[in-house]
Structures are given as structure tokens and as C-alpha cells.
Q: 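Below: one structure in C-alpha cells.
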Amino acid sequence: MNLLPAAAGARVIALGEYQPANVVTNDDLAERVETSDEWIQSRVGIKERRIAGPDDSVVSMGAAAGGKALAASGLAPADIDLVIVATCTLVDQIPNAAARVSARLGIEAPGAFDVNAACAGFCYGLGLAADSVRAGSAHNVLVIGSEKLSDWLDWEDRSTCVIFADGAGAAVVTAAETPGIGPVVWGSSGDRADKIYLRDDKYLYQEGQAVFRWATTELNAVAAEALRRAGVEPEQLTAFVPHQANLRIVEAIARKLGAPQAIIARDIVTAGNTSSASVPLALSRMSGRGELPSGSLVLTMGFGAGLTYSAQVLEIP
């Protein structure tokens, strides 16, 4: 048998992102529904978001972000042997997004599958990628979070249309002599699946207050466990990059983390809530601004519909 050798560790070596060109401000939405810039910013912290155009799809946005990550990695398409796409907004469920993204990027015959853990999807995918590399099932993995939430919004419902947006982010994970991705801490609370779901099978709906209470009271234990398993103290963190659900949620979790020196991702202010794309999108944008120098320790966390959650520590190369 010709087996890939198992690796001692896995690490992220490159990031990429894609955002649609169409910027929608709070004032733009106020022309459509009963809302205002002040109302939106005071409740969710968003100033503007990107909404996909007719030529943007989960697949095309994922390929754009994945292509940038692949180019930044220095690897060739032939070097990628597994592609994972995290998404919960694929309109046409068959075939999966991962196989189509692979074909667009010229990646021939990789393992290819989608992950639907909603807003925790990218962190789930990152955990799967790292485990696949360490087990010897893959050597180089492209992990993508891509969402077109605008396909599933009721644009007359101000409780949702002001929050969600579109975009994609990606990371390349490869084998390494020393670990650069800590053990994943993941779980679910399926008894609360009715807090975020598709209403009438076509419109995204969430019980905002219930989700807020859950995220701000229960997820700090998940963050603490991810740090413990990685052997990292809060004061060692360079940055905390949680799912960009709501600025109030992000800041509430960050306050309890006990890492005042850490840069807190606040990508939601200009990108909105992009579900599984939010963590890689924020990581890529922070890296592009020079906020994550080599050796940075970053705690990532996803949480959302399911209810699902996931967290791990990354070391930036």
C-alpha cells in the first residue's frame, strides 16, 4: 500500500478572501424597510455590508477566495489533495460546492466535500483539515467558507436583512513538523435548533435575544477549553477572531476571555454577518493589514444555527 505519511502537525500557510463589489449602507436599507443607521449600529454594530450581484454564487465566491489563498501559499493546484467548503446557503445542493470550486481552480481529482455547520462551518472545516493531514489522509487542504445569505433573506424583515451579508474566505492547510492548529473544540445544542432556521423553507429567521443569551453566557467555556487543549494562556493571544454575528456579542465574549492585549476582530462593522465566511474573511483582512505577524497566536471561534459551535487556536506562520 502506498500511503501518505502521517504528519506530526498541521498549520495554515495562506489566507484569501472575496467580497462582492456591491456595498449596501444602513441608509440604503432605510429606504427599503423601517430602520435607520442609528438603530442598526446600536443593536448589531454594522455600518455597511456587501451583497452579491447576479453573477456571484457560493461557488464563484468560494473559488475567488480559494484561488487567492492558493496563490499566496506558493502551491500549485496539483498539490491540493482535499477541498472542503463550509456553507449553509448553497441553493443547488447537488452537486456539492467543493467539487465545482476544485474544477474552477484546476485542482484535479481531490477529495471534495461540503460542511454545513452554519456559522461554525469554517472552524469545523479547519478541524477536519488538520485531522486529515495528521492522519495521513491528505497533505495539503484548501478550506473555504462561502455564503450568499442574500438568497435567503426576506428583504422586508428588518430583523434579518440588516444583519446578513455575502462573501467568502479561505485558508490553505498543510503538513508541518510542529502543530500550528490546536485541537478543535466543537459541539452542538440541537434542542435549540428552532432558534435559527428557514421560515417557510425560504427565509432565514432567528430569535435574536435567545441567540444573544446563548452566545454570551455559554461560549466562553468553549473558548477556555480551546486554549487549554492548545496549551495557550489568554495573555499569549495576539488576536481573537470569533464569528462576526453581532458586535455586541463579539465584544461581550471578548471581555470574558481575559485577554485585554488581544486584537479583537470587528469585521462585522463593514462586512456584516457572513456566516461561515466570517472567520476566514476576518482573518484574511487582518493579515492583509499587517495585524497578524509571524508567530501570532489567534483564537478562532464559530457559532450559529444548529445550534453549533467550534473553536481552535492557530499559529500564524
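The model shown is predicted, which means the values in this text are computed figures rather than measured ones.
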Q: Under the criterion side-chain contact (heavy atoms from CB on, under 4.5 Å), I'd like the reasoning laid out for Tyr124 against Thr308: C-alpha separation, chi angles, the key distance, then a yes or no.
A: CA-CA 10 Å; Tyr124 266 64; Thr308 59; 4.1 Å; yes

Q: Evaluate ring pair (Phe, Tyr, Trp, His ring centres under 6.0 Å) for Tyr309 paired with Trp186, printing each intermediate quantity in order.
A: CA-CA 6 Å; Tyr309 53 87; Trp186 51 19; over 10 Å; no

Q: Testing Val184, Val12, Ile84 one by one against Leu126 for a side chain to side chain contact (heavy atoms under 4.5 Å, CB included), which residue passes?
A: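 Going through the options one by one, the only one that passes is Val12.
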
Q: Step by step, would you call Leu237 with Val298 a side-chain contact (heavy atoms from CB on, under 4.5 Å)?
A: CA-CA 6 Å; Leu237 289 176; Val298 181; over 6 Å; no

Q: With rounding to the nearest 0.5 angstrom, report the CD1 to CD1 distance, Ile316 to Ile13.
A: 12.0 Å

Q: Between Lys47 and Asp37, does any side-chain N to carboxylate O distance fall below 4.0 Å?
A: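 No, Lys47 and Asp37 are not salt-bridged.
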
Q: Please determine whether residues Trp214 and Val44 belong to a single hydrophobic cluster, defined as Ile, Leu, Val, Met, Phe, Trp and Tyr linked transitively by side-chain heavy-atom distances below 4.5 Å.
A: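 Yes, Trp214 connects to Val44 through the hydrophobic network.
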
Q: Taking all atoms of both residues into account, what is the closest heavy-atom pair of Cys119 and Gly304, and its distance?
A: CB-CA, 4.0 Å

Q: Does a side chain donor of either Arg285 or Gln19 reach within less than 3.5 Å of an acceptor in the other side chain?
A: yes

Q: In terms of side-chain heavy atoms, does Gln244 have a donor or acceptor partner in Ser278 at a distance below 3.5 Å?
A: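 No - no donor-acceptor pair under 3.5 Å links their side chains.
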
Q: Do Asp191 and Ser189 pass the side chain to side chain donor-acceptor pair (under 3.5 Å) test, and can you show the C-alpha distance, the side-chain angles, and the key distance before you say yes or no?
A: CA-CA 5 Å; Asp191 58 314; Ser189 182; 2.9 Å; yes

Q: Begin with the C-alpha distance, continue with both residues' side-chain angles, and end with the deciding distance and a verdict on side-chain contact (heavy atoms from CB on, under 4.5 Å) for Ile253 and Phe240.
A: CA-CA 10 Å; Ile253 296 174; Phe240 175 43; 3.7 Å; yes

Q: Counting only heavy atoms not in Glu235 (residues, nucleotides, ligands), do more than 12 fall under 6.0 Å from its CD?
A: yes

Q: Mind running side chain to side chain donor-acceptor pair (under 3.5 Å) on Ser60 and Ser57 for me, showing each step along the way?
A: CA-CA 5 Å; Ser60 68; Ser57 67; 3.3 Å; yes

Q: Under the side chain to side chain donor-acceptor pair (under 3.5 Å) criterion, do Arg49 and Asn26 qualify, and how do the steps go?
A: CA-CA 9 Å; Arg49 75 285 292 144; Asn26 292 341; 2.9 Å; yes

Q: Mind listing the closest non-hydrogen atom pair of Met286 and Ala265 along with its distance?
A: SD-CB, 3.7 Å

Q: Give a yes/no verdict on a cation-pi contact between Arg248 and Phe212, requiring under 6.0 Å between NZ or CZ and the six-membered ring centre and an angle within 45° of the axis.
A: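 Flagged: Arg248 positioned over aromatic ring of Phe212.
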
Q: Between Arg266 and Glu251, does any side-chain N to carboxylate O distance fall below 4.0 Å?
A: yes

Q: Do Asp200 and Tyr205 get their side chains close enough for a donor-acceptor pair, meaning under 3.5 Å?
A: no

Q: Mind checking the CD1-OG1 spacing from Ile163 to Thr274? Nearest 0.5 Å is all I need.
A: 13.0 Å

Q: What distance do Leu82 atom CG and Leu128 atom CG have between them, rounded to the nearest 0.5 Å?
A: 8.5 Å

Q: Please determine whether side-chain contact (heavy atoms from CB on, under 4.5 Å) holds for the pair Leu75 and Val172, giving the CA-CA distance in whole Å, both sets of side-chain angles, and the decisive distance to 0.1 Å.
A: CA-CA 9 Å; Leu75 298 175; Val172 175; 3.9 Å; yes

Q: Which pair of non-hydrogen atoms, one from Glu315 and one from Pro179, has the smallest distance, and what is that distance?
A: OE1-O, 4.0 Å

Q: Mind checking the CG-CZ spacing from Leu149 to Phe164? Nearest 0.5 Å is all I need.
A: 6.5 Å

Q: Using 4.0 Å as the upper bound for N to carboxylate O, is an ion pair formed by Asp92 and Arg100?
A: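 Salt bridge: yes.
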
Q: Taking salt bridge (charged side-chain N to carboxylate O under 4.0 Å, His left out) as the definition, give me every residue that meets it alongside Glu108, ordered by chain and number, with sequence neighbours left out.
A: none

Q: Ignoring hydrogens and geometry beyond distance, is a side-chain donor-acceptor pair present between Thr160 and Gln206 at under 3.5 Å?
A: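 Judged by distance alone, the side chains do not pair up.
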
Q: If you look at every heavy atom in Ala271 and Leu281, which pair is closest and at what distance?
A: CB-CD2, 4.3 Å

Q: Would Ser159 and Asp157 count as a side chain to side chain donor-acceptor pair (under 3.5 Å) here? Give the steps.
A: CA-CA 5 Å; Ser159 68; Asp157 176 10; 2.7 Å; yes

Q: Rounded to the nearest 0.5 Å, what's the gap from CZ on Arg43 to OG1 on Thr35? Could you check?
A: 8.0 Å

Q: Indicate the atoms forming the closest heavy-atom contact of Gly258 with Pro234, along with that distance.
A: O-CB, 3.4 Å

Q: About how many Å separate CG of Leu70 and CD1 of Ile107, when rounded to the nearest 0.5 Å?
A: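 Reported value, rounded in 0.5 Å steps: 5.5 Å.
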
Q: Looking at Trp39, does the NZ or CZ of Arg158 lie under 6.0 angstrom from its six-membered ring centre and within 45 degrees of the ring axis?
A: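 Yes, cation above the ring, under 6.0 Å and within 45°.
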
Q: Do Ile264 and Leu283 belong to the same hydrophobic cluster, where Ile, Leu, Val, Met, Phe, Trp and Tyr are linked whenever their side-chain heavy atoms lie under 4.5 Å apart, directly or via other members?
A: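 Not linked; separate clusters.
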
Q: Of the non-hydrogen atoms in His243 and Phe303, which two are nearest, and what is the gap between them?
A: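 So the minimum-distance heavy-atom pair works out to CD2-O, 3.2 Å.
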
Q: Enumerate the salt bridge (Lys or Arg N to Asp or Glu O under 4.0 Å) contacts for residues 138-152, please, sequence neighbours excluded, ordered by first and then second residue.
A: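 Qualifying pairs, neighbours excluded: Lys148-Asp151.
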
Q: So does Glu177 have more than 12 non-hydrogen atoms from other groups sitting under 6.0 Å from CD?
A: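 No, the 6.0 Å shell around CD holds no more than 12 heavy atoms from other groups.
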
